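Quick notes on the structure that follows.
As the structure is a computational prediction, the values presented were derived from the model and not from experiment. First listed ligand is number 1; within each ligand, the first listed atom is number 1.
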Amino acid sequence: MDALKIGLLGAGNVGAQVAKTLVEERELIAGRVGTGVKLIGVAVRDVEAPRDWKIPGELLTTDAEALVDEADLVIELLGGLEPAGELIARALNRGAAVVTGNKALLATRGGELHKLAEEQGALLHFEAAVAGAIPILRPIQESLSGDRITKVMGIVNGTTNYILDQMDTTGAAFEDALAEAQRLGYAEADPTADVEGHDAAAKAAILGTLAFHAPFSIDEVYCEGITGITGDDMEAAAASGYVIKLLAIIEKTEAGAILRVHPTLLPRTHPLASVRGAFNAVFVVAENAGELMFYGQGAGGQPTSSAIMGDVVSAARRLRSGTAEVPGLREQAADSAVPALPIKKAETQYYIDMVVADREGVIAEVARVLADHHVSIESMRQPGSVSAEGEVDVEGVDKKGAVVQIVTHLAREKDLDDTVATLKGLGVVKAVNSVLRVEVEQ
Ligand SMILES: NC(=O)c1ccc[n+]([C@@H]2O[C@H](COP(=O)([O-])OP(=O)(O)OC[C@H]3O[C@@H](n4cnc5c(N)ncnc54)[C@H](O)[C@@H]3O)[C@@H](O)[C@H]2O)c1
Ligand SMILES: N[C@@H](CCO)C(=O)O
Ligand code: NA
């Protein structure tokens with residue numbers, strides 16, 4: 001067999017690393033595949049642009065379509081919906097294998113692209129799209145395919161974990177931590193996707209699709225990012241023994257599935273609390289397997305290139321042996337439909353941080369509001385008072401109110417919303433500073 005022709009689209013953070021591996025490790029990759037492999041071109045916007053690794057000039061081209069039309073295997077690392085989607089479809093229509101890390105595209109048009117791949121008998125691999133270097137999709141699609149997955153929960157965005165970790169451990173400002181995450185190659189080209197939770201939501205949709213054998217799109221994922229999290233929130237959480245993490249949680253109930261992404265309070269003893277920097281960690285719960293945990297680098301050019309190269313070797317082996325077989329959505333559709341349920345149906349624990357009038361009977365009044373809405377209290381703290389300037393004053397000087405922090409037992413999202421609305425209307429409640437969801441145990 002002639003050397004397998006590989007076309008690479010994009011030479012940014014991840015693409016440049018992949019180009020480096022394909023050139024410098026060509027022999028190793030060929031040995032792993034069992035046949036020769038050849039990088040035939042790298043499509044870029046500007047052939048003169050400086051890159052993390054200097055790609056040999058003869059490989060660079062601005063004609064992505066011509067490259068796609070020549071390749072046996074296309075690696076898409078442009079990001080964004082277009083022209084990435086159109087180029088992937090073009091490759092699949094030719095029967096070429098495609099490897100991509102583009103979660104935004106897969107969470108939007110995944111169903112259509114999987115169908116196209118199936119129709120053409122072409123391969124579509126995307127391990128890099130979720131949790132960077134961590135092998136998580138293949139274990140879900142293959143190793144756990146004889147089990148029933150009931151829940152997946154984890155930290156799946158490196159940029160936001162890096163930012164929150166920096167804010168928590170060094171007191172860094174949000175903007176400074178974000179700039180550093182961009183410099184380190186963790187963030188999306190438009191980092192709004194990271195900090196507003198959209199990147200994690202795309203990953204939640206992909207995880208849901210594979211774990212629950214039913215197609216979910218990003219529109220079906222409830223999504224809150226971390227832009228509302230302040231240094232004060234982090235400090236208050238720390239003082240109570242918690243840390244704030246952006247979690248993606250997908251869980252199956254009898255009626256359907258709830259997919260959500262939001263900042264979450266975790267006790268410092270929780271295994272996800274110790275996930276630092278741009279690392280990711282994902283819990284998978286399956287009926288027979290029980291709990292599994294996957295941990296590793298979730299972002300960055302070099303770690304992500306490992307997942308891309310794993311998919312390249314896997315696809316190339318199948319091309320070589322002529323056994324293209326796609327664990328795509330046809331197989332997923334074998335299960336009965338699993339509707340996506342609204343966040344209002346979710347049940348979780350909550351943390352409410354508020355300022356109340358500092359006088360007798362107020363706590364009883366607050367507790368009554370919670371009880372009236374079927375929300376029961378697990379713990380309550382009164383860490384101090386606030387001054388006229390709104391600063392916590394533990395000495396109690398110049399008191400304008402008392403800070404009260406409540407952690408509830410499991411409650412329905414709807415009941416919690418009603419509770420908070422009632423609390424806000426209560427004369428004795430001066431302010432509700434923050435309401436966060438809490439995960440205390442796995
Ligand atoms: N960076 C990470 O840690 C990471 C991890 C996992 C997945 N991903 C995904 O991998 C993909 C690439 O990420 P990245 O961090 O390397 O992004 P990047 O922005 O650093 O690189 C993308 C490159 O593609 C180029 N490009 C865009 N449109 C083009 C076009 N039409 N023609 C030619 N070149 C074009 C850009 O100029 C840029 O150099 C994205 O889908 C991203 O979501 C990234
Ligand atoms: N921007 C993404 C890249 C990895 O998918 C992140 O920070 O996790
Ligand atoms: Na991965």
Give me the nearest non-hydrogen protein atom to atom 28 (N) of ligand 1 as residue plus atom name, then the distance to 0.1 Å. Arg45 NH2, 3.3 Å
Using 4.0 Å as the upper bound for N to carboxylate O, is an ion pair formed by Lys115 and Glu112? no
Identify the protein heavy atom lying closest to atom 26 (N) of ligand 1, giving its residue, its atom name and the separation to 0.1 Å. Leu78 CD2, 3.7 Å
N, O or S of Pro135 under 3.0 Å from the Na ion (ligand 3): no
Using atom types as modelled and distance alone, determine if a side-chain donor or acceptor of Arg94 lies under 3.5 Å from a backbone N or O of Val68. yes
Is a salt bridge present between Glu25 and Lys20, judged by a nitrogen-to-oxygen distance below 4.0 Å? no
Would you say Asn93's side chain and Ala89's backbone share a donor-acceptor pair under 3.5 angstrom? yes
CD (Gln302) with more than 12 external heavy atoms under 6.0 Å: no
Protein residue, atom and distance nearest to atom 10 (O) of ligand 1, heavy-atom basis: Leu77 CD2, 3.7 Å
Can you find an N/O atom of Gly158 closer than 3.5 Å to an N/O atom of ligand 2? yes
Atom 4 (C) of ligand 2: the protein heavy-atom neighbour that sits closest, reported with distance to 0.1 Å: Gly298 O, 3.3 Å
Could you check whether any heavy atom of Gly301 sits closer than 4.0 Å to an atom of ligand 1, since that is the contact criterion I want to use? no
Just let me know how Thr304 lines up against ligand 2, side chain, backbone, both or neither, with a heavy-atom cut-off below 4.0 Å. neither
Do the ring centers of His409 and Tyr350 come within less than 6.0 Å of each other? no
I'd like to know whether CD of Glu82 has more than 12 heavy-atom contacts from other residues, nucleotides or ligands below 6.0 angstrom. yes
Which residue and non-hydrogen atom of the protein lie closest to atom 31 (N) of ligand 1, and at what distance in Å? Pro83 CG, 3.3 Å
Taking the Na ion (ligand 3) as the apex, O on Val130 and OE2 on Glu127 give an angle, to 10°, of 110°
Heteroatom N/O/S of Ile134 within less than 3.0 Å of the Na ion (ligand 3): yes
closest protein heavy atom to atom 7 (O) of ligand 2 is Thr159 OG1, 2.6 Å
Tell me if the CZ atom of Arg138 is crowded by more than 12 foreign heavy atoms within 6.0 Å. yes
Is it the side chain (CB and beyond), the backbone, both or neither of Thr62 that lies under 4.0 Å from ligand 1, heavy atoms counted? neither
Look at the aromatic rings of Phe279 and Tyr295 and report parallel, tilted or perpendicular, splitting at 30° and 60°. parallel
Return the closest protein heavy atom for atom 43 (O) of ligand 1 as residue, atom name and distance. Glu188 OE1, 2.7 Å
Could you tell me whether Glu58 atom CD has more than 12 heavy atoms of other residues or ligands within 6.0 Å of it? yes
From atom 14 (P) of ligand 1, work out which of Thr61, Val14, Leu81, Leu9 has a heavy atom at the shortest distance. Val14
Short N or O distance, Gly185 and ligand 1, threshold 3.5 Å exclusive: yes
How about atom 17 (O) of ligand 1: does it have a protein heavy atom within less than 4.0 Å? no
Heavy-atom proximity to atom 19 (O) of ligand 1, best of Ala189, Ala299, Gly12: Ala189
Report the C-alpha separation of Ser314 and Asp311 in whole Å, then their side-chain angles, then the decisive distance to 0.1 Å, and conclude whether the side chain to side chain donor-acceptor pair (under 3.5 Å) test is met. CA-CA 5 Å; Ser314 166; Asp311 275 354; 5.6 Å; no
I'd like to know whether ligand 1 has Ala128 as a neighbour, heavy-atom separation below 4.0 Å. yes
For atom 9 (C) of ligand 1, what's the nearest protein heavy atom and its distance? Gly101 O, 3.3 Å
Which residue and atom name correspond to the protein heavy atom nearest atom 5 (O) of ligand 2, and how close is it? Lys103 NZ, 2.5 Å
Heavy-atom pair of closest approach, residues Ala237 and Ile244: CB-CG1, 4.0 Å
Show which atoms of ligand 2 fall inside a sub-4.0 Å distance from at least one heavy-atom site of Tyr186. 1 (N), 2 (C), 3 (C), 6 (C), 7 (O)
Test side chain to side chain contact (heavy atoms under 4.5 Å, CB included) applied to Leu78 and Thr100, Asn102, Val44, Leu87, the passing residue: Leu87
Ignoring hydrogens and geometry beyond distance, is a side-chain donor-acceptor pair present between Asp190 and Thr192 at under 3.5 Å? yes
Considering only non-hydrogen protein atoms, determine which one is nearest to atom 3 (O) of ligand 1 and report residue, atom name and distance to 0.1 Å. Gly300 N, 2.6 Å
Counting backbone and side chain alike, does Gly132 bring an N/O/S atom below 3.0 Å of the Na ion (ligand 3)? yes
Short list, please: which atoms of ligand 1 are under 4.0 Å from a heavy atom of Val44? 33 (C), 34 (N)
Does ligand 2 have a heavy atom under 4.0 Å from the side chain of Asn157, from its backbone, from both, or from neither? both
the protein heavy atom lying closest to atom 41 (O) of ligand 1 turns out to be Gly79 CA, 3.2 Å
Interatomic distance, CZ@Phe126 vs CD1@Ile308, rounded to 0.5 Å, equals 11.5 Å
Would you say Gly10 has any N or O atom under 3.5 Å from an N or O of ligand 1, going by distance alone? no
Evaluate Gln349 against Glu378 for side chain to side chain donor-acceptor pair (under 3.5 Å), listing each step before the verdict. CA-CA 9 Å; Gln349 290 184 253; Glu378 184 192 83; 3.1 Å; yes
